[in-house]
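Worksheet for the structure shown next.
Treat the numbers as computed from the prediction; the structure is a model and nothing was measured.
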Amino acid sequence: MIDFSELWGFTVIVGLLTLTPGLDTALILRTAALGHRRRAWGVVLGIQTGTLTWGLFTSLGITALLTASHLAYTLLRWAGAAYLVWMGARMLWAARRPAAVGSSEPGDDDAPIQAGAEVAPPSSRLRSKKGHPHRGGWRQGALTNLLNPKVGAFYVAVLPQFVPAGASHLAMGVLLSVIHVLLGVLWSFLLIGCARMLRDYLRRDSARRMLDRVAGTVIGAFGLQLALGD
């Protein structure tokens with residue numbers, strides 16, 4: 001039987017966590033503000049795939065084994081830290097130089113078409129893409145979430161407290177994870193909408209470089225914090 005007071009308590013906790021500015025917010029805002037709408041939604045889906053995976057693993061007891069093993073936790077922590085520092089360094093490096101005229105990230109469906117530029121047929125444009133924007137964004141979001149053992153530790157500490165006695169741990173754990181995912185998607189919808197309102201300004205080269213500096217610094221700092229944390 002579902003205890004709605006437990007569901008409400010969990011919703012409040014993960015809702016406050018979702019609204020707290022952090023790594024996910026910086027990554028989504030940076031991607032959406034540059035006009036890469038499809039890639040931004042790919043990032044959102046990747047992050048929420050990671051959230052649902054952590055919830056499922058916790059319900060099955062797998063995450064508890066990870067957090068109980070100091071070696072496994074340390075290896076995952078260092079892998080996540082390396083990935084975040086690498087991603088932040090790439091953004092900071094990109095901020096050092098002006099963008100080429102008409103350039104955009106691979107798979108960017110919102111990039112402006114330059115006056116006088118020849119527009120290739122749709123089939124040629126599809127063949128010329130290095131990767132699908134959704135897929136690239138999903139991979140980035142999923143890796144960012146799954147390589148962060150602190151998300152797993154949070155689920156191990158919090159999720160069992162909201163599973164009523166006698167209830168199925170798997171079914172209740174998945175339900176609670178879905179609530180977290182839905183809150184994350186709703187918040188991401190607002191973030192992407194706000195970022196798109198400022199898209200014309202933020203896609204100027206000077207604004208783009210400033211955005212890359214800020215996002216790269218924030219993401220890199222999260223990586224260093226993850227590496228140096230306990």
Side-chain angles (χ1 to χ4, degrees), residues 17-51 53-54 72-100 103-108 110-111 130-154 184 187-188 190-192 194-196 198-199 201-230:
L17 180 66
T18 301
L19 293 175
T20 302
L23 175 61
D24 293 350
T25 301
L27 188 58
I28 294 169
L29 277 177
R30 185 259 177 185
T31 307
L34 293 178
H36 310 309
R37 178 174 54 86
R38 291 185 181 180
R39 186 177 180 91
W41 276 113
V43 170
V44 172
L45 293 177
I47 291 171
Q48 302 313 325
T49 298
T51 298
T53 301
W54 280 118
Y73 185 87
T74 301
L75 289 175
L76 184 60
R77 178 165 62 87
W78 278 101
Y83 178 71
L84 293 178
V85 170
W86 171 78
M87 183 164 41
R90 282 188 64 190
M91 294 179 186
L92 291 174
W93 180 260
R96 294 179 65 252
R97 60 188 188 282
S103 66
S104 63
E105 290 186 6
D108 179 10
D110 296 322
K130 296 180 181 178
H132 197 283
H134 281 112
R135 189 178 304 132
W138 179 88
R139 183 170 57 249
Q140 189 178 48
L143 285 174
T144 299
N145 190 284
L146 291 173
L147 289 177
N148 187 355
K150 291 187 177 182
V151 179
F154 168 80
W187 178 237
S188 299
L190 293 176
L191 289 177
I192 292 175
C194 291
R196 283 181 61 80
L198 299 174
R199 183 184 61 177
Y201 168 74
L202 291 175
R203 289 182 71 176
R204 297 176 183 175
D205 186 63
S206 59
R208 190 272 308 170
R209 293 167 72 181
M210 178 193 69
L211 187 63
D212 274 345
R213 289 190 190 101
V214 173
T217 301
V218 170
I219 292 173
F222 270 102
L224 292 175
Q225 183 184 36
L226 184 60
L228 299 176
D230 296 329

(request) Keeping the roles fixed (side chain from Arg77, backbone from Ala227), state whether a donor-acceptor pair exists under 3.5 Å. (result) yes
(request) Going by the side-chain hydrogen bond (donor to acceptor under 3.5 Å, both in side chains) test, name the single residue among Asn145, Asn148, Thr49 that passes it with Trp54. (result) Asn145
(request) Indicate yes or no: at least one non-hydrogen side-chain atom of Thr18 is less than 4.5 angstrom from one of Asp24. (result) no
(message) Are Arg139 and Thr144 packed together at the side-chain level, in the sense that at least one heavy-atom pair is separated by less than 4.5 angstrom?
(response) no
(message) Within the structure provided, determine whether Ile219 and Val85 are in side-chain contact (heavy-atom separation under 4.5 Å).
(response) no
(request) Compare all side-chain heavy atoms of Leu23 with those of Val218 and state whether any distance is below 4.5 angstrom. (result) no
(request) To the nearest 0.5 Å, tell me how far Leu19 CG sits from Thr25 OG1. (result) 8.5 Å
(request) Report yes if the side chains of Thr31 and Arg37 come closer than 4.5 Å at any heavy-atom pair, otherwise no. (result) no
(message) Quick check for you: to the nearest 0.5 Å, what is the distance between Leu92 atom CG and Thr217 atom OG1?
(response) 4.5 Å
(request) Spell out, as yes or no, whether a donor-acceptor pair under 3.5 Å connects the side chain of Trp138 to the backbone of Trp41. (result) no
(request) Give, for atom CD1 of Ile47 and atom OG of Ser188, the distance between the pair rounded to the nearest 0.5 Å. (result) 6.5 Å
(message) Distance check, rounded to the nearest 0.5 Å: Ile28 atom CD1 versus Leu190 atom CG?
(response) 11.0 Å
(message) If I take atom OH from residue Tyr83 and atom CG from residue Leu147, how far apart are they, to the nearest 0.5 angstrom?
(response) 8.0 Å
(message) Return the CZ to NE2 distance between Arg30 and His36, rounded to the nearest 0.5 Å.
(response) 6.5 Å
(request) Mind listing the closest non-hydrogen atom pair of Ala81 and Gly223 along with its distance? (result) CB-O, 3.3 Å
(request) Please tell me if the side chains of Lys150 and Phe222 come closer than 4.5 Å, counting only heavy atoms from C-beta onward. (result) no
(request) Check whether any side-chain heavy atom of Pro149 lies under 4.5 Å from a side-chain heavy atom of Leu226, and answer yes or no. (result) yes
(message) Could you check whether any side-chain heavy atom of Met91 comes within less than 4.5 Å of a side-chain heavy atom of Arg213, counting everything from C-beta outward?
(response) no
